[in-house]
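Take a look at the structure below.
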Amino acid sequence: MRKLFSPVQLGLFRLQHRVVHAPTTRLRANADDSPSKLMLEYYRQRASDGGLIITESTHVSYDSRGYLGAPGIYQDSHVPGWRAIADAVHAKGGRIFMQLGHDGRQSHVDLTGGPLPIAPSVVPFDGQSLTADGWVPVSPHRAIDVQEIAVVIGHYRQAAMRAKEAGLDGVELHSANGYLVDTFLQDGTNRRSDAYGGSIQKRARLLLELTKVLVDVWGPGRVGVRLSPSGRWGSISDSDPEATFTYVARQLDSMNLAYLHVIEPRVMGVETLDPHQAPVAAAMLRKVFSGPIIAAGGFTGDSAEVMVGSGDADLVAFGRFFASNPDLPYRLLHDLPLNAYDRDAFWGGNHVGYTDYPRFADTLPQAAAAA
Ligand SMILES: Cc1cc2nc3c(=O)[nH]c(=O)nc-3n(C[C@H](O)[C@H](O)[C@H](O)COP(=O)(O)O)c2cc1C
């Protein structure tokens, strides 16, 4: 039997296969940032018996928003929509973790509601934010003071509690791709000299404090952390990624996580740089992290099988191919062809390029004849 389709323990959960839905921001929430009916349909389609879905990045506070149309979990009115999604995934025997995100300096004053977006330090960069006026350059940002960090941590706690109330199975801390937590961790964006900047220990402090808060709220085996050790999305950089990220993974190893989620360097944000580049990030962190590892970034069914076979990762998350293949685990299990994805439909829009991708069974001649 292929290892990709063998059971695995992920924190408290026994999964039946190792093909994970990667967090993918699709910008189709309701105007008040509550999950839309379309999102419910999207997640329902992608749930599988014993499979894990990680949701798109979900905002922990109003001022953490960087893209119009991304969902939130920062007010009570967001809970019922998420509960409907969790119920739909559970009805198909699946599990669902919510990715909790704060977009930090990748934002715009029209989205934060007025205040400048926050960051550990002021390090200008050319990014884009999606506002009611379309894609626009990000606003200048400001460095937050230590008192405000406590407020941000409080927002994560509240968000984690609401996600729990909504009946999800766990939460994932988004510490990848140059958003707030990642900008604290990496020294290209963190120039602070207080308790949250300087040494690796101090730069990692916010990430570790947030993880502890999430584990406090959710208990052991229900919290994951996502890292992108070589990410450049959001103009992020670190002078010694191996030291920084192995330190973090070593600390996380003793925090009763469900998993560590790692993005491989051959993918930068949403673009594949070099499909032939061998994965290295999971292998680097495997040396210091003993729990389950999910690898992501440029995988195919075959390379995912090699990855879990190598032991450097236990599961593999798929972003773009899960977007275009609602039945991706089934297709990979049976070596069936995959639907191509439509990049133009990634961010915002309606059901087109979102919930209208066919399952393999729908493409068979009998299905066409019956329709
Ligand atoms: C449309 C789109 C939206 C994404 N949104 C998120 C997100 O919300 N959070 C996150 O951590 N990564 C996000 N990513 C990155 C994916 O999770 C994944 O790491 C990346 O697509 C590489 O995997 P793939 O080669 O299987 O697509 C996004 C990627 C795409 C294509």
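Indexing begins at 1, ligand by ligand and atom by atom, following the structure's order.
Proximity of the aromatic rings of His59 and Tyr74 is defined here by a centroid distance below 6.0 angstrom, and this criterion is not met.
The main-chain N or O of Gly178 is never found under 3.5 Å from a side-chain atom of Thr183 such that the two would form a donor-acceptor pair.
When non-hydrogen atoms are compared, ligand 1 lies under 4.0 Å from neither the backbone nor the side chain of Thr272.
Between Ser57 and ligand 1, a contact under 3.5 Å exists for at least one N or O pair. At a 3.5 angstrom cut-off on N or O pairs, Ala176 does not count as close to ligand 1. Polar contact check, Gly319 against ligand 1: a nitrogen or oxygen pair lies under 3.5 Å apart.
Because its NZ or CZ atom is both nearer than 6.0 Å to the ring centre of Phe125 and within 45° of the ring axis, Arg105 counts as a cation-pi partner of that residue. Geometrically, Arg320 does not engage Phe346 in a cation-pi contact, judged by NZ or CZ lying under 6.0 Å from the ring centre and within 45° of the ring axis.
Val288 belongs to no multi-residue hydrophobic cluster, having no ILVMFWY side-chain contact under 4.5 Å with any other such residue. Think of Ile236 as one node in a network of Ile, Leu, Val, Met, Phe, Trp and Tyr side chains linked at under 4.5 Å; it has no links at all.
Remark: ligand 1 atoms within the under-4.0 Å shell around heavy atoms of Ala22 are 17 (O). Annotation for ligand 1: atoms under 4.0 Å from non-hydrogen atoms of Arg320 are 24 (P), 25 (O), 26 (O), 27 (O), 31 (C). Close approach of ligand 1 to Phe318 (heavy-atom distance below 4.0 Å) involves ligand atoms 26 (O). Ligand-side atoms of ligand 1 in range of Phe346: 1 (C), 31 (C), range being under 4.0 angstrom from any heavy atom.
Nearest protein neighbour of atom 20 (C) of ligand 1, counting heavy atoms only, is Gly269 O, 3.6 Å. Regarding atom 9 (N) of ligand 1, its nearest protein heavy-atom neighbour is Gln99 OE1, 2.8 Å. Among protein heavy atoms, atom 18 (C) of ligand 1 sits closest to Arg226 NH2, 3.8 Å. The protein atom (non-hydrogen) at minimum distance from atom 8 (O) of ligand 1 is Thr25 OG1, 2.5 Å. Among protein heavy atoms, the minimum distance from atom 29 (C) of ligand 1 is reached at Val270 CG1, 3.3 Å. From the protein, the heavy atom lying nearest to atom 6 (C) of ligand 1 is Pro23 O, 3.1 Å. Val267 CG1, 3.6 Å is the protein heavy atom nearest to atom 22 (C) of ligand 1.
If you check the side chains of Gln45 and Tyr354, you find no donor sitting under 3.5 Å from an acceptor. Side-chain atoms of Ser34 and Asp32 include a donor-acceptor pair closer than 3.5 Å. Side chains of Ser237 and Arg232: a donor-acceptor N/O pair is absent below 3.5 angstrom, by distance only.
In this structure, Trp347 is part of the shell of residues with a heavy atom less than 4.0 angstrom from ligand 1.
For His334, the NE2 atom counts as densely surrounded, since its 6.0 Å shell holds more than 12 non-hydrogen atoms of other residues, nucleotides or ligands.
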